Amino acid sequence: MTSKPSDFIRDIIDADLASGKHTEVKTRFPPEPNGYLHIGHAKSICLNFGLAKQYGGQCNLRFDDTNPAKEDQEYVDSICADVRWLGFDYGSEALFASDYFETFYSIALKLIREGKAYVCSLNEEEIREYRGSLKEAGTASPHRSRTVDENLDLFARMRVGEFKDGAHVLRAKIDMGASNMKMRDPLLYRIRHQSHHRTGDTWCLYPMYDFAHPLEDALEGITHSICTLEFENNRPLYDWVVANSALPGKPEQTEFARLGLDYSVMSKRKLFQLVEQERVSGWDDPRMLTVSGMRRRGYRPEAIVRFCDLIGVSKNNSTVDMGKLEYVVRDDLNPIAPRVMAVLRPIKLVINNYEAGKSEALTVPFFPPDIGKPGEREVHFGRELYIESTDFEEEPSKGFRRMAPGRWIRLRYGYCVRCDEVIKNDDGEVVEVRCSYDDSTLGGTSPEGEKVWGIIHWVNAADSLPAEIRIYDRLFSAAAPDAGGNFLDYLNSDSLETLEAWVEPCLAGGDVGPQVQFERQGYFVPDSVDSRPDALVFNRIVGLKDSWSKKAVAEPSTPAEKPKSARSATRPKSRSKAEIRGAARYRDATLASRFIRYQDVGLSEGDADVLTGSLTWGDRLEALNAAGMPWDLAAKWLLNEHPREGDDPIEFASDVSEFLVVTTASGTLITTTSGSKLWGQLAREPGSAKALIKSQGLEQVSDDASIQPIIDKVIADNASKASAYRGGKDTLMGFFIGQVMRASKGKANAEKVKELLLAALA
RNA sequence: UCGGGGUUCGUCUAAGGGCAGGACAUCAGUUUUUGGUACUGAUUAUAGAGGUUCGAAUCCUCUACCCCGAACCA
């Protein structure tokens, strides 16, 4: 685990640092204090703070507290505590957007003076109507043309509380026809006569996220503002605000995919519902994937951070396997959790030939040899013990390696015993097993001539402690509870099982743990709220990997069922590029006639189609042809190699005839690899093909005498790969050609190289 | 007048014209006084179709599917 994480965001930062765009990295984690942090936030925290740490920068914890209606100090406190618990340092104190309210206001004033913002007095519903729809442009608000003075006056009166909520809003004057609806004169300020958890009643005017957030970033000198995918549409607006704020900071927003985990819900709204409807005991219910819930469950921050490293960062909409979280939790706990014994579902085991009242003290280690850690405690062996009811089967199933009538098994760290008799209750359930022991088996020797079927854990009936054990399972029974319908319908009714168990006495003092492993069961931690020295309560953090019960139950693995999208069906279908080109030809006779003509001169319908979506393509094509390039060749190079600006090929920077050298000479003067490179250069900046070939040494090398030595060297340098190739791994040919091409700086004739390589590796 | 993102083993994620790699999961084996751990091995992927190229997951075209956007939420 020495490899540094790498992802597209780090690539962007590396490039920014390399280009000198930035000399330092400053990020921020900007929660709204309206709920508790969950594991999805942890991903963002690890990313933002991790970036700051990796690049020697800084990461601010900043509360985006622009909506007093939902926010509360309770959340501020819990968020601060959670971030610190996760192990991240946000400096001396957290920052608050509300501290910048006065600055925001003055920037709004500036926008008004510059005619870039106006007070709109439409009501909420009217604003929505005027905004238009996904397929139709919006229409201008009747107040869009208010004078600067009028706006200034109204805005000032909005601030002093002259108007009721909703009477007026401040809007940016951008573009009501923008296809990105976020740019259709977005709201900047709304009136809210509501006290704010920090500013009290100082304001009745509150900024919107889209206005406040970029300003917060700019004010703090954030270089890389990282947020989740759903804000992609907001980015142009973010840039607009930064550009028009005249603030020196120039933050840039980059979006990544939020975390999705199967068998869980992640939205704050839904978590809030679970808490409010008391489906769980609170935000810190150990079944909740909130940071506080995971903490109470017994997860350590190291495991959560490790999980975030493991899942990576990308723009893919993804759902991570819950098993991955469980894996990191186990992996984190395995080397640090002392082993003790606890019997969760007890039945009594009585050893008939063991002296009543006798007790033997056994000193046993806290860790198995492979962990290699010191530490030991005493357990007492006696005539009456408890064992796990699941460790006994009267009629053992196939593969069962535990206790059954007549079988010898070892009691961990103790003696081997043989089950002689079974005692059942009225319901026919086994409540007690009677055994005999072999007093020569304590150190590890087996009873003379007998097979020992397995090792099971136990506790001494005389001095073990009662404890309540809470076994947690995933909160939802469906892989994608929020796929459709009400997610509450998919709550797992068995997500909490409470057991009355017996545990080793050493657990009472609190000297071990807090996280411990109950051998053969899982990892457990005393519940931080309910456990007391005289009334122990343990939470199961996570079970041990169990390859037996899985086999025994043969549970059909339930794959995460693909949620059927209801949303996409309601979205209007937009035209494809092909349809748009067709429409363009329908409107423009030149395009239409070109489409026919290009096919007449031998181009495929598909190529002709693309080349006649706009005049630009055809213009370039005609120019190449006029300079002497055959139609098909011109189309091929134009379509495949010519640099573009959006959907259209860029203007030729060089004389068109220069391109002839690239194409017609292909195969003789230069290789296609060099040709592609050269084409791009000529297209972008003026130049002479012949001069460039000369200056860059692009002349093709195709004589055996020049190539053979390179091939020999490459084969000699990669002897093991050569033999692998000869052994049948022929995908390696690409590797060899690549090596030779690289060694020749792309100048070798690839066909020739292949031919010679084939011969050399035969 | 719709726009913006996305699609690589079952899952997550690398490779950005040249060996499709890693992790989790699964299966098999070795070690083990935990059916744990550790170790070894195995299985499995470039959404589909066409094109460019000696060579395409990667470049071009088309198609399909998924996600996001019409809060005075963030």
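Just so we're on the same page: letters track the sequence lines, and every chain starts at 1. The structure presented is a predicted model; accordingly, all values stated were derived computationally and were not measured.
- Of the candidate nucleotides B/rG35, B/rG36, B/rC24, B/rG35 has the atom lying nearest to any side-chain atom of A/Arg401.
- Residue A/Lys373 contributes atom NZ, which lies 14 Å from atom P of B/rA38 at whole-angstrom precision.
- In B/rA28 the base sits anti relative to the sugar, since the glycosidic angle is further than 90° from 0.
- Between A/Asn334 atom CG and B/rA38 atom P there is a gap of 6 Å when expressed in whole angstrom units.
- A residue-by-residue look at A/Gly443 and A/Asp11 shows that A/Asp11 has its nearest nucleotide of RNA chain B further toward the 5' end.
- When each of B/rU34, B/rU61, B/rC54 is scored by its nearest atom to the side-chain atoms of A/Gln517, the top-ranked nucleotide is B/rU34.
- Taking 4.0 angstrom as the limit, A/Arg644 places a side-chain polar atom (N or O) nearer than this to OP1 or OP2 of B/rU61.
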When you compare the protein's N or O atoms with those of nucleotides 71-74 of chain B, which come within less than 3.5 Å of each other, and at what distance?
unit_1	atom_1	unit_2	atom_2	d
B/rA71	OP2	A/Arg128	NH1	3.4
B/rC72	OP2	A/Arg131	NH2	3.0
B/rC72	O2'	A/Arg192	NH2	3.1
B/rC72	N4	A/Leu122	O	3.3
B/rC72	N4	A/Glu124	N	3.2
B/rC72	N4	A/Gly166	O	3.0
B/rC73	OP2	A/Arg190	NE	3.1
B/rC73	OP2	A/Arg190	NH2	2.8
B/rC73	OP2	A/Arg192	NH1	2.8
B/rC73	O3'	A/Arg190	NH2	3.3
B/rC73	O2'	A/Asn67	ND2	3.2
B/rC73	O2'	A/Lys70	NZ	3.1
B/rA74	OP1	A/Thr66	OG1	2.6
B/rA74	OP1	A/Arg190	NH2	3.0
B/rA74	OP2	A/Tyr209	N	3.0
B/rA74	O3'	A/Asp64	OD2	3.2

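- You'll find that the side chain of A/Asn316 is closest to B/rU7, out of B/rC54, B/rC2, B/rU7.
- The side-chain tip of A/Lys677 does not point at the ring of A/Trp679 from less than 6.0 angstrom away and within 45° of straight on.
- Phosphate contact (OP1/OP2 of B/rG35, side-chain N/O of A/Arg520, threshold under 4.0 Å): present.
- Checking A/Asp331, A/Leu325, A/Val328, A/Val320 one by one against A/Leu310, the side-chain contact (heavy atoms from CB on, under 4.5 Å) holds for a single residue, A/Val328.
- Taking 4.0 angstrom as the limit, A/Ser547 places a side-chain polar atom (N or O) nearer than this to OP1 or OP2 of B/rG36.
- Nucleic acid contact class of A/Ala178 (heavy atoms, under 4.0 Å, all strands): base.
- In this structure B/rA64 sits in a base pair with B/rU7, meeting the Watson-Crick or G-U test at under 3.5 Å.
- With sequence neighbours excluded, the residues satisfying ring-ring contact (aromatic ring centres under 6.0 Å, His included) with A/His213 are A/Tyr209.
- The phosphate of B/rC2 (OP1 or OP2) has a side-chain N or O of A/Lys135 nearer than 4.0 angstrom.
- The side chain of A/Tyr327 places an N or O atom within less than 4.0 Å of a non-bridging phosphate oxygen (OP1 or OP2) of B/rC24.
- Taking only side-chain atoms of A/Lys545, from C-beta outward, the nucleotide of B/rU26, B/rU34, B/rA70 with the closest atom is B/rU26.
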What pairs of nitrogen or oxygen atoms, one from the protein and one from nucleotides 44-52 of chain B, lie under 3.5 Å apart?
unit_1	atom_1	unit_2	atom_2	d
B/rG51	N2	A/Asn640	OD1	3.1
B/rU52	O4'	A/Asn640	ND2	3.4

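- When the side-chain nitrogen and oxygen atoms of A/Ser314 are compared with OP1 and OP2 of B/rU13, one or more of them lie within a distance under 4.0 Å.
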